[in-house]
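Taking it in order: structure first as structure tokens, then the write-up.
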Amino acid sequence: MRQFFGKVLQKMMKAWSWVALILLAILIKFSSLYPQFIENYYSNGLYPVISKLQRLVLGWIPFSIGDLVYGFFILVIILKTWQLLRVLFKKQFNRQYFLTGLRQIIFFFLFVYVFFYLLWGLNYSRIGIARQLNLNLTSYSVAEVDSLASTLVKRVNYYAAITTPQQRDSFFKKRNLFRETAYAYQLAAKQYPFLNYQPKSIKPSIFSYAGNFLGFQGYYNPFSGEGQVNTTVPIFIQPFVSCHEVGHQVGFAKENEANFSGFLACRLHPSEFFRYSVYFDMFNYTIYELNRLDSARATFYLNQLHPQVKADREELRRFFKKYKNPVEPVIMWFYDKYLLANNQPAGKRTYSQVIAFLIAYQKKFGREAL
């Protein structure tokens with residue numbers, strides 16, 4: 001493997017490759033300063049072609065090719081680290097070794113940067129879903145969050161009461177989960193054409209169990225176009241997680257927009273369990289925010305919850321507690337910085353900013369639209 005990887009790098013690291021990557025990196029950074037350009041020519045131009053081609057080529061494969069690629073690079077990093085330790089132990093570390101290694105590292109990260117943003121990452125700089133729906137996003141008041149919580153507690157209680165155990169159990173079969181996720185977007189595209197999702201490529205993550213310790217429920221791989229879902233998390237959040245990842249696939253890179261995209265699709269699905277999943281998540285985001293603003297009102301709504309919702313919230317709390325470990329906060333710190341670097345100034349709190357979209361949507365279309 002060492003010789004193979006070395007030969008590949010040697011062939012790639014030609015002078016013209018450096019020039020091409022540097023010019024592309026500059027072009028990417030410059031174009032990201034113009035959201036309207038990105039919206040018109042990338043998010044609604046080049047990206048749909050790239051993503052559909054990726055899903056067409058790899059979507060039919062039942063396992064994640066992207067995860068295998070990630071696994072390969074993890075092995076390479078481990079191997080390179082071991083080689084470095086051996087060199088240090090044998091006292092063979094010198095200036096030439098350092099410069100060669102530094103060039104390889106810079107080239108690798110430059111290569112990843114360019115292809116990450118060309119294949120998907122430029123969507124971080126688009127105008128986004130609020131413009132497509134003509135939503136007026138503003139800072140919200142305590143009263144508006146309270147009103148949203150009032151709506152959502154009724155929705156989540158309603159679907160908790162009518163969802164049967166058989167409906168829940170049916171989604172333990174992952175082919176059902178992913179088929180119905182695609183169907184949710186098929187229905188949503190009739191009302192919101194920008195949510196068109198064909199062909200599909202949503203799969204279980206090979207690293208699901210590791211994800212429990214690292215703190216992720218799903219992720220999008222821009223290099224393969226696949227959406228991965230951690231299928232070991234509690235079943236009642238999996239439909240929304242799956243719809244969230246498809247939100248990334250259709251071009252919404254920011255986490256609040258992927259959440260809102262998932263909401264628009266998930267709530268239109270005829271399955272009561274799919275609808276329960278989305279309202280469960282939206283209620284949780286809202287009640288956490290309301291608790292921060294007015295804890296008494298948050299307690300009032302928590303006391304109104306259906307017993308099944310209370311049980312699911314407790315199960316989710318126990319699940320996160322079970323996998324709590326010293327590594328996760330470190331991973332989440334880096335992830336927070338990653339979000340900050342990609343036009344999401346709230347960092348991890350960007351997920352909960354879906355509340356602003358829900359409030360604006362309720363203002364425009366009425367409470368019944370939620």
Side-chain angles (χ1 to χ4, degrees), residues 64 66-67 152 156 159-160 163 167-185 188 195 197 200-222 225-269 271-286 288 309 312-313 315-320 322-323 328 331-332 335 339 348 350-355 357-358:
S64 174
D67 277 358
L152 293 176
V156 73
Y159 287 108
T163 299
Q167 286 177 309
R168 285 182 171 236
D169 292 345
S170 69
F171 288 101
F172 280 108
K173 294 181 178 179
K174 301 314 163 194
R175 64 176 180 272
N176 292 348
L177 173 66
F178 300 138
R179 182 187 65 242
E180 296 308 314
T181 297
Y183 181 54
Y185 272 86
L195 294 183
Y197 178 59
K200 70 180 180 70
S201 182
I202 186 84
K203 305 175 183 181
S205 171
I206 294 174
F207 306 118
S208 285
Y209 283 103
N212 295 336
F213 293 96
L214 299 177
F216 70 78
Q217 299 169 15
Y219 53 93
Y220 174 61
N221 189 322
E226 297 164 305
Q228 277 79 209
V229 175
N230 179 346
T231 53
T232 64
V233 298
I235 190 63
F236 50 84
I237 66 172
Q238 290 186 31
F240 179 70
V241 170
S242 188
C243 285
H244 171 97
E245 297 311 325
V246 174
H248 284 316
Q249 288 182 293
V250 297
F252 298 109
K254 294 179 181 178
E255 300 303 338
N256 52 1
E257 295 194 334
N259 265 350
F260 190 60
S261 169
F263 165 79
L264 292 175
C266 208
R267 73 182 181 87
L268 292 177
H269 198 289
S271 165
E272 288 87 358
F273 187 53
F274 251 70
R275 295 187 180 190
Y276 173 71
S277 182
V278 67
Y279 286 118
F280 181 87
D281 257 83
M282 295 303 105
F283 174 80
N284 281 338
Y285 282 124
T286 305
Y288 291 148
V309 185
D312 287 342
R313 281 173 55 84
E315 181 181 342
L316 192 61
R317 186 195 66 80
R318 291 197 306 268
F319 178 85
F320 289 138
K322 177 182 177 181
Y323 291 101
E328 182 185 349
I331 298 296
M332 289 298 104
Y335 183 55
L339 294 177
K348 280 184 60 186
T350 304
Y351 285 88
S352 64
Q353 288 182 340
V354 68
I355 295 169
F357 286 90
L358 295 174

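Side chains included, hydrogens not; waters and symmetry mates left out as well; all remaining heavy atoms used. We're numbering straight along the sequence, starting at 1.
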Can you tell me if Tyr335 has over 12 outside heavy atoms packed within less than 6.0 Å of its OH?
yes
Closest non-hydrogen contact found for Ala188 with Leu264 is CB-O, 4.3 Å
Exceeds 12 heavy-atom contacts within 6.0 angstrom, atom OH of Tyr209
no
More than 12 heavy atoms from other groups under 6.0 Å of CZ on Arg175:
no
Yes or no on ring-ring contact (aromatic ring centres under 6.0 Å, His included) for Phe280 and Tyr159, after CA distance, side-chain angles and deciding distance?
CA-CA 9 Å; Phe280 181 87; Tyr159 287 108; over 10 Å; no
Looking only at side-chain N and O atoms, does Asn212 offer a donor or acceptor that is under 3.5 Å from a partner on Thr232?
yes
Please say which of Tyr279, Phe274, Tyr276, Phe240 ends up in a ring pair (Phe, Tyr, Trp, His ring centres under 6.0 Å) with His269.
Phe274
Distance check, rounded to the nearest 0.5 Å: Glu245 atom CD versus Ser201 atom OG?
12.0 Å
Which of these, Tyr185, Tyr220, Tyr197, sits in a side-chain hydrogen bond (donor to acceptor under 3.5 Å, both in side chains) with Gln249?
Tyr197
Qualifying residues under ring-ring contact (aromatic ring centres under 6.0 Å, His included), relative to Tyr219, sequence neighbours excluded
Phe216
Can you tell me how far CZ of Phe171 sits from CD of Gln238, rounded to the nearest 0.5 angstrom?
10.5 Å
Counting neighbours of NZ on Lys348 that are heavy atoms of other residues, nucleotides or ligands and sit closer than 6.0 Å, is the number greater than 12?
no
